[in-house]
Structure formats: C-alpha cells, structure tokens
Number of protein chains: 2
Amino acid sequence: MTATPATCDRILDAAERLFAEEGFYATSLRQITQAAEANLAAVNYHFGSKQALILAVFRRRLDALNKARLARLDQAQEGNAAPELEDVLEALIVPALAFTHGSADDGHRFMRILMRAFADRDDQLHRALSAEYAHVMRRFASAIATALPGLSERRLRRQLDFIVGALTYTMAESTSSDAREIADDLVQFAAAGLRSAVSVRHPDGAPRTLEIHS
Amino acid sequence: MTATPATCDRILDAAERLFAEEGFYATSLRQITQAAEANLAAVNYHFGSKQALILAVFRRRLDALNKARLARLDQAQEGNAAPELEDVLEALIVPALAFTHGSADDGHRFMRILMRAFADRDDQLHRALSAEYAHVMRRFASAIATALPGLSERRLRRQLDFIVGALTYTMAESTSSDAREIADDLVQFAAAGLRSAVSVRHPDGAPRTLEIHS
DNA sequence: GTATGATTGAAACAGTTGTTTTAATCGTGC
DNA sequence: GCACGATTAAAACAACTGTTTCAATCATAC
C-alpha cells in the first residue's frame, strides 16, 4: 500500500530489531525513534510507555505463532481420530522453527528476545506472556496426554518443560538455515523422551531396560 | 572467620541477588552497594566497572559448577572402562540441578541470571561464558560419542543443544524442592532422545519403531 | 608511636534516561 | 475555505546512571 508503513509499525519494527540486538533496557527510546525515523514523543503518544511498547512487540509475533500452532493442532485432530504423538509434537515445534526460519532474520532475532523475556521472570512482561502461553500449553498437554496415556499430570508438565526448553534454546541458538531438519530431529528427540517416561522409572544404579508400550 | 564477610564478597552476594531479581541493566550500583552495606565507590574500586562486576558474579558460580561436573565425569571414567550414557548425562545434569537445589535460593536465582546471559548473545559477557562452557561441552560431547557411537558430530552437537536447553530452562523454571527427581527424569529423557537419534531417521509418515542398542 | 598503603566515605560530574509539555503541522469532512 | 481532531516536532523536565575525585579512616609493619 503506502511506500513507507505507518509510524506505529515502523516503531514496532525498529524496536524489535533493537531489542534483539541490545536488550530491552539497554535500548533507549531515542535509538528506536531515530531508527524508525519518527519523533521521540511518538512512542509515548502511540503506545503510552516504553513498557507498553515492549508488550506490543511481543503480542504481534506471539499471536501469529500461537495461531499457527493451534491451527496445525486443529488440523491434526480434525478427523475424529486422535493424532499420533509425533503429529502433536510437530504442531508444537514446526511452526516455531519455521517462524525462526522465516523471511530474513526477523524470527530468529525475535526468539532471542523471547528468551530474554523468559529470564525476566517476575515482572509484568513475563506474566502477560505466560497467560498467553498457558492457554496454548494446556491444549498441547492434553493432546499429548491422549496420544500417550500413562503419565501423571505432574510428570507430563515436566516433560513439556524439557521440550519447550530445548525448543526455545535451539531457536535462539541455531542459524536459520536448516530449520526443517532441526525440527525433525527435535520431534524425534522429544517423542523418544516422552515414550521413555511412561516406562517405569529405573531403579538407581540398575541397568536400564526399555519397555515398549502398545 | 569474620562475623561479616569482606566487602568484596558482600558486594558479590548482593549483586547476584539483585541481578536475578531485576536484571543486569535494571540494577544500579547504588542498589547493590546499599544492599551490601558498602560505599558506592567500592564496586569501582574493587572490580573496576559494573561490567567487570557482572563477570565476577558469573565466574564465582560457573567455576564451581563446571569443576563439579568434570569431577563427576572423571570419576565415571576413572576405571578405564568407558562409562555408560546415563552416567555421562548424570555428570552433566545432576551437579547443575543439585546446584539449583543448593542452600537457600542462591543457585536457583543464579540460574535465572544465567538464562539472561544466554539471551545476551553478542556482547562480551556471552563470549566469556561460551569460552568457559566450550571446554566443558567438548569433553561431554566426546564422552557421549564413545558411550553412544554412530552419531555425526553435527547431530551430536545438536542433540547436546537440546539437552542443555532443556536443562537450562528447567533450572530457571522449577522450584528448588525436587531437584533430584527432576534430574532423574531429565537424564532418562535425554538418554532416550539420544538413543533414538542413532536409529535411522524415520521416513515421513511411516510408523516409528524403536531399536534397542547394545 | 608513627609512617605507609589499602580501603572507605561523601560529594560532585557529565551524560542519559523516560516522560511531559507546548506549539506546529497534517489530513479530512463539511 | 475552514475548522477540528489526529499526528508530529522540538524543547524542557526531573530523575537517575556509571564513574571520578579527594579527603578521611583503617590496618599493618617497622
């Protein structure tokens, strides 16, 4: 449409890039507005405060990512047959890594800030994000539970933490070139880990045996 | 010894706590010195700069953690027999989670800052930490390679990223109460994921089979 | 006891931060 | 053409930042 996007979007773009490069608090509004070719007061005018700007940057991306994940999960579940474990994991993982892989370095950069946000545990930013994540994670947890019965809710939650941790770390760490291959590896890795968890836990020191379940 | 520790250590303790609570850049030297009951100038006098203080906080903990990990790996390797995969993973994981579990909330808090540091990818802090990690990770990578042959170096590296990601995320997320149980779960999870990776990669859509290796 | 070096205390420095304010400008509907 | 709300511009604000300075204090060795 317009040759240059509206001021609001230019600010969001510049903020996302600079946040990823410098961090939230190391990035000043003056840097952002200068990079966005906007006036300093514009960010307070449009967003209200710097904190609100940060949240807006996150929402824009997370809405898209979670929508893509849930759409893929819906698709896997649409035949009334329950999807296989790998299909659920792919719905969780592939959109995330495809997003990392996405046009230019946008996604990759964004995931670096996402990790940063996870580290900021106790402030309002993390709480707002967790609320958004909680909804998605609950659906995935129950989808996994039906695909792989026999795990207590507590342990399932923990295994999901393992997977989300591996995913988040990988997204922040890996170059964007081979996203599909990494996603396949991670799905396989996560599925094997989950399946091993439904086996009876090995006694300490004893040689481990794998039990294959139905 | 002395009733109150030396100023240097009081500053390190206060800085670690505040960094975990507020973040590096949101924490001012005035907060730190006030909490440490030291003078503002003390931190520049003893450490040189704020950046050097941050590095000192990290070194103190990482030295201890990596030493513990390598000691446990040494012990597992000391009989000339190569240790089992689970033993290698335990050397990597258990000290880290035990550290999280450690006295009070120190370790748990510290790991939150560690994640923060990983997010700060491109500055000197991360480079200094990576150099320290690289040494340890190389030893663990080769120990895993002998315990579980058949993985290309590239894929092994990637699997290790999965594991470190799961570990780091879990350390930052979990409460410190049940560290041993979580460690057991994660070792089992990681071992199963690794073993599944040496199997031939499954063709898309085909039903997956588990191959049990020696 | 006194001299010497390490440490601390309090204040000041120069610079940057997020936010607010006021005036100027732009776009649109009448 | 004009008026009115939305947007932008530029400057000022008050507060806070890391760092430096310089005198006061402390501990220790002689």
Side-chain angles (χ1 to χ4, degrees), chain A residues 1-60 113 116-117 120 122-126 128, chain B residues 1-60 113 116-117 120 122-126 128:
Chain A
M1 304 299 176
T2 58
T4 59
T7 309
C8 254
D9 293 320
R10 290 205 319 274
I11 289 178
L12 280 175
D13 290 336
E16 179 176 295
R17 184 170 56 80
L18 286 168
F19 285 160
E21 284 168 4
E22 313 274 347
F24 296 133
Y25 300 108
T27 304
S28 70
L29 294 183
R30 283 166 180 82
Q31 291 177 265
I32 294 171
T33 51
Q34 184 176 337
E37 296 185 87
N39 189 267
L40 170 61
V43 36
N44 276 289
Y45 177 79
H46 285 287
F47 298 95
S49 69
K50 185 184 183 180
Q51 191 67 24
L53 205 212
I54 296 176
L55 255 165
V57 167
F58 274 95
R59 273 199 227 284
R60 184 172 62 153
I113 358 182
R116 220 183 273 266
D120 289 337
D122 25 16
D123 64 18
Q124 55 204 52
L125 176 63
H126 184 82
Chain B
M1 311 300 174
T2 57
T4 57
T7 309
C8 254
D9 293 320
R10 290 205 318 277
I11 289 177
L12 280 175
D13 289 336
E16 179 176 295
R17 184 171 56 80
L18 286 168
F19 285 160
E21 285 169 2
E22 314 274 347
F24 296 132
Y25 300 107
T27 303
S28 70
L29 294 184
R30 281 167 181 83
Q31 289 177 264
I32 294 172
T33 52
Q34 183 176 335
E37 297 184 86
N39 189 267
L40 170 61
V43 35
N44 276 289
Y45 176 78
H46 285 287
F47 298 95
S49 69
K50 185 184 183 181
Q51 191 68 23
L53 205 212
I54 296 177
L55 255 164
V57 167
F58 273 96
R59 273 197 228 283
R60 183 172 64 152
I113 0 181
R116 221 184 271 268
D120 289 337
D122 25 16
D123 64 17
Q124 57 203 52
L125 176 64
H126 184 81

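Note that the structure is predicted; figures quoted are calculated from it, not measured. Within every chain, numbering begins at 1; the chains are lettered A, B, ... in the order of the sequence lines, protein sequences first and strands thereafter.
In this structure, A:Ala38 and A:Arg30 both approach DNA chain D, and ranking their closest nucleotides by distance from the 5' end singles out A:Ala38.
For the atom pair CD of A:Gln51 and CZ of A:Phe24, the computed distance is 8.5 Å after rounding to the nearest 0.5 Å. Within the model, atoms CD of B:Gln34 and CG of B:Leu18 stand 10.0 Å from one another, a figure rounded to the nearest 0.5 Å. B:Asn39 CG to B:Leu29 CG: the interatomic distance, rounded to the nearest 0.5 Å, is 11.5 Å. Separating the CZ atom in B:Arg10 from the OG1 atom in B:Thr33 is a distance of 10.5 Å, to the nearest 0.5 Å. Rounding to the nearest 0.5 angstrom, the gap separating the CG atom in B:Leu12 from the CG atom in B:Leu53 is 6.5 Å. Rounding to the nearest 0.5 Å places CG of A:Asp9 at 10.0 Å from NE2 of A:His46.
Using a 4.0 Å heavy-atom distance criterion, A:Thr33 is classed as making no nucleic acid contact.
Between the CD atom of B:Gln34 and the P atom of C:dG9 there is a distance of 13 Å, given to the nearest Å. Remark: P of C:dA24 and OH of A:Tyr45 are 18 Å apart, rounded to the nearest angstrom. Computed from coordinates, the B:Asn39 CG to C:dT7 C1' distance equals 10 Å when rounded to whole Å. Across the protein-nucleic acid pair, A:Gln31 atom CD and C:dT17 atom P stand 7 Å apart, rounded to whole Å. With rounding to whole Å, B:Ile11 atom CD1 is found 11 Å from C:dT7 atom C1'. Between the P atom of C:dT16 and the OH atom of B:Tyr25 lies a distance of 17 Å, rounded to the nearest Å. Rounded to whole Å, atom C1' of C:dT17 lies 18 Å from atom CZ of A:Phe24.
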Derivation and outcome, side-chain contact (heavy atoms from CB on, under 4.5 Å), residues B:Arg60 and B:Asp13: CA-CA 10 Å; B:Arg60 183 172 64 152; B:Asp13 289 336; 3.0 Å; yes
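Shown here for B:Arg17 and B:Ala35, the closest heavy-atom pair between the two residues is NH2-CB, 3.7 Å. The nearest pair of heavy atoms linking B:Ala42 to B:Ala38 is CB-CB, 4.4 Å.
Scanning DNA chain D 5' to 3' for nucleotides with an atom closer than 4.0 angstrom to a non-hydrogen atom of chain A gives a first and last hit of D:dA6 to D:dA12.
Summary for the helix from C:dG1-D:dC30 to C:dC30-D:dG1: the axes at its two ends, each from 5 pairs, differ by 0° when rounded to the nearest 10 degrees.
Across C:dT8, C:dA12, C:dT19, the shortest atom-to-atom separation from the side chain of B:Leu40 is found for C:dA12. Nearest nucleotide to the side chain of A:Ser28, out of C:dA10, C:dT8, C:dT17: C:dT17. The side chain of A:Lys50 has C:dG18 as its nearest neighbour among C:dA6, C:dG18, C:dG9.
Regarding contacts with the backbone of C:dA6, every side-chain N or O of B:His46 stays at 4.0 angstrom or more from both OP1 and OP2.
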